[in-house]
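The chain is numbered in sequence order, starting from 1. Order of appearance sets the numbers: ligands from 1, and atoms from 1 within every ligand.
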Amino acid sequence: MIADSVATTVAGDADDAVLRVAGAAKRFGASVALGGVDLDVRPHEILVLLGASGCGKTTLLRGIAGLTPLDEGTIILGGRSITELAPASRDIAMVFQDGALFPHLTVEKNIAVGLRTRDRSPIADGARLLRIDGLLQRLPHELSGGQRQRVGIARALVRRPALMLMDEPFAALDADLRLELRRELRRLHEVGELAETIFVTHDQTEALGIADRIAVMSAGVIVQQGTPTELLETPQTLGVARFLGVPRIVVLPALHSLVLAVRPTDLRAGDGGTGATAHITITAVEPFAGGWLVSGRTGAGIELEVVVPWERSPQLGEQLSVSCPTDRIHVFDEATGHRLDQPSARTLELWREVTHS
Ligand code: ATP
């Protein structure tokens with residue numbers, strides 16, 4: 001039975017991982033789709049796998065589900081190895097981008113496909129949870145895209161799997177529906193109806209909105225795992241820094257084999273700022289959520305961006321002082337792209353040298 005009770009879900013830690021993937025590798029001919037992936041899903045968490053198209057997200061998900069055999073690696077779910085098990089024996093449910101419904105079956109029968117007991121009551125419970133209880137006798141072609149996805153999620157949910165895998169389940173929907181279903185999923189998670197989940201997306205807004213933790217994937221490997229805040233505040237590579245955050249982080253020209261980067265939302269406009277300061281001449285102004293996104297150049301020709309409050313009405317050609325706490329400036333090794341933690345006095349020296357301020 002699917003309970004209506006409200007359970008508080010607090011993500012657990014790495015030691016008691018529900019899913020542990022170690023060294024997952026997969027080649028297709030000469031191309032490496034997975035280059036040795038280690039990944040944990042902790043109790044009660046939605047882990048988002050985020051990365052650009054072609055980085056290996058779907059291959060990893062299908063490898064975990066057993067739909068694509070891995071060349072190497074082990075998968076432990078709930079303490080037992082499922083590496084060699086057939087997909088149907090893995091106790092994993094998957095939700096696909098298109099819902100993958102059977103076109104000739106009603107909503108009710110589509111949901112029932114996932115059930116292994118004679119007890120039919122989970123169907124009504126699942127339909128009620130996903131708010132599709134009025135649609136049980138319809139066929140898939142009589143549903144909207146959003147309703148079809150709800151059926152796909154209900155079908156996975158009623159199986160009560162040990163792990164839920166979702167591969168871009170909202171990608172085909174419009175922005176409002178995506179937001180609505182994202183919130184719905186979080187709600188199911190908060191009330192304890194959703195098993196531990198890996199949710200694949202290439203959309204950072206979706207990832208930040210739905211994740212307890214995010215694993216950022218690039219070229220077949222996971223480059224960083226952490227909470228949304230950890231990834232935004234301490235990106236471990238320049239790639240992660242560039243991939244996450246709106247507006248995009250501004251990367252300054254390399255100097256002494258180091259690269260500085262600063263988020264436009266961390267810069268403040270106005271005289272008297274402390275920390276890293278600069279003077280810019282405004283070259284572009286565009287509206288951005290919460291203010292103007294102002295671009296400008298320092299005397300040395302370095303491009304910076306800063307978010308300025310609406311009431312300030314910045315003008316092209318205007319001179320603007322900007323500042324940023326030194327600890328909000330990210331420093332990366334130019335050759336490896338890896339984050340460097342160095343004394344803030346050194347970062348400040350570098351900032352002054354690069355921006356000529
Ligand atoms: P997207 O976001 O576009 O779905 P993805 O991150 O899920 O991309 P995958 O679908 O896992 O990426 O693909 C990873 C790499 O493996 C890509 O280079 C892809 O072309 C390749 N690949 C995936 N499946 C196959 C296959 N069946 N045969 C050959 N190459 C494949």
| Side chains of His202 and Glu168: donor-acceptor distance under 3.5 Å anywhere? | yes

| Any side-chain donor near an acceptor of the partner, His256 and Glu353, under 3.5 Å | yes

| task | Pick one of side chain, backbone, both or neither for how Ser31 approaches ligand 1, counting any non-hydrogen atom pair under 4.0 Å. | result | neither

| message | Heavy-atom pairs closer than 4.0 Å: do any link ligand 1 to the side chain of Met217, the backbone, both, or neither? | response | neither

| Of Thr58, Leu50, Leu34, which has the heavy atom at the shortest distance from atom 7 (O) of ligand 1? | Thr58

| remark: Among Gly220, Gly51, Ala33, Ser53, the residue with a heavy atom nearest to atom 3 (O) of ligand 1 is Ser53

| field | Qualifying residue for side-chain contact (heavy atoms from CB on, under 4.5 Å) with Glu318, from Val285, Ile282, Ile280, Val294 | value | Ile282

Residue and atom name of the nearest protein heavy atom (relative to [atom]), distance in Å to one decimal:
{"atom": "atom 27 (N) of ligand 1", "value": "Phe28 CE2, 3.6 Å"}
{"atom": "atom 2 (O) of ligand 1", "value": "Lys57 NZ, 2.9 Å"}
{"atom": "atom 12 (O) of ligand 1", "value": "Gly56 N, 3.2 Å"}
{"atom": "atom 11 (O) of ligand 1", "value": "Thr59 OG1, 2.5 Å"}

| said: Angle between ring planes, Phe102 versus His104, binned at 30° and 60°: parallel, tilted or perpendicular? | reply: perpendicular

Are any of the N/O atoms on [X], whether in the backbone or the side chain, positioned under 3.5 angstrom from an N/O atom of ligand 1?
{"X": "Cys55", "value": "yes"}
{"X": "Gly54", "value": "yes"}
{"X": "His202", "value": "no"}

| message | Need the ligand 1 atom indices (1-based, order shown) with element for anything under 4.0 Å from a heavy-atom of Glu168. | response | 2 (O)

| query | In ligand 1, which numbered atoms sit nearer than 4.0 Å to a non-hydrogen atom of Ala52? | reply | 6 (O)

| field | Sub-4.0 Å protein heavy atom next to atom 25 (C) of ligand 1 | value | yes

For the backbone of [Y] and the side chain of [X], can you confirm whether one donor and one acceptor N or O come within less than 3.5 Å of each other?
{"X": "Asn110", "Y": "Leu105", "answer": "yes"}
{"X": "Asp212", "Y": "Leu47", "answer": "no"}
{"X": "Arg159", "Y": "Leu115", "answer": "no"}

| How long is the gap from CE on Met94 to CD1 on Ile198, to the nearest 0.5 Å? | 9.5 Å

| request: Look up atom CD in Glu233 and atom CG in Asp327, then write down how far apart they are to the nearest 0.5 Å. | output: 9.5 Å

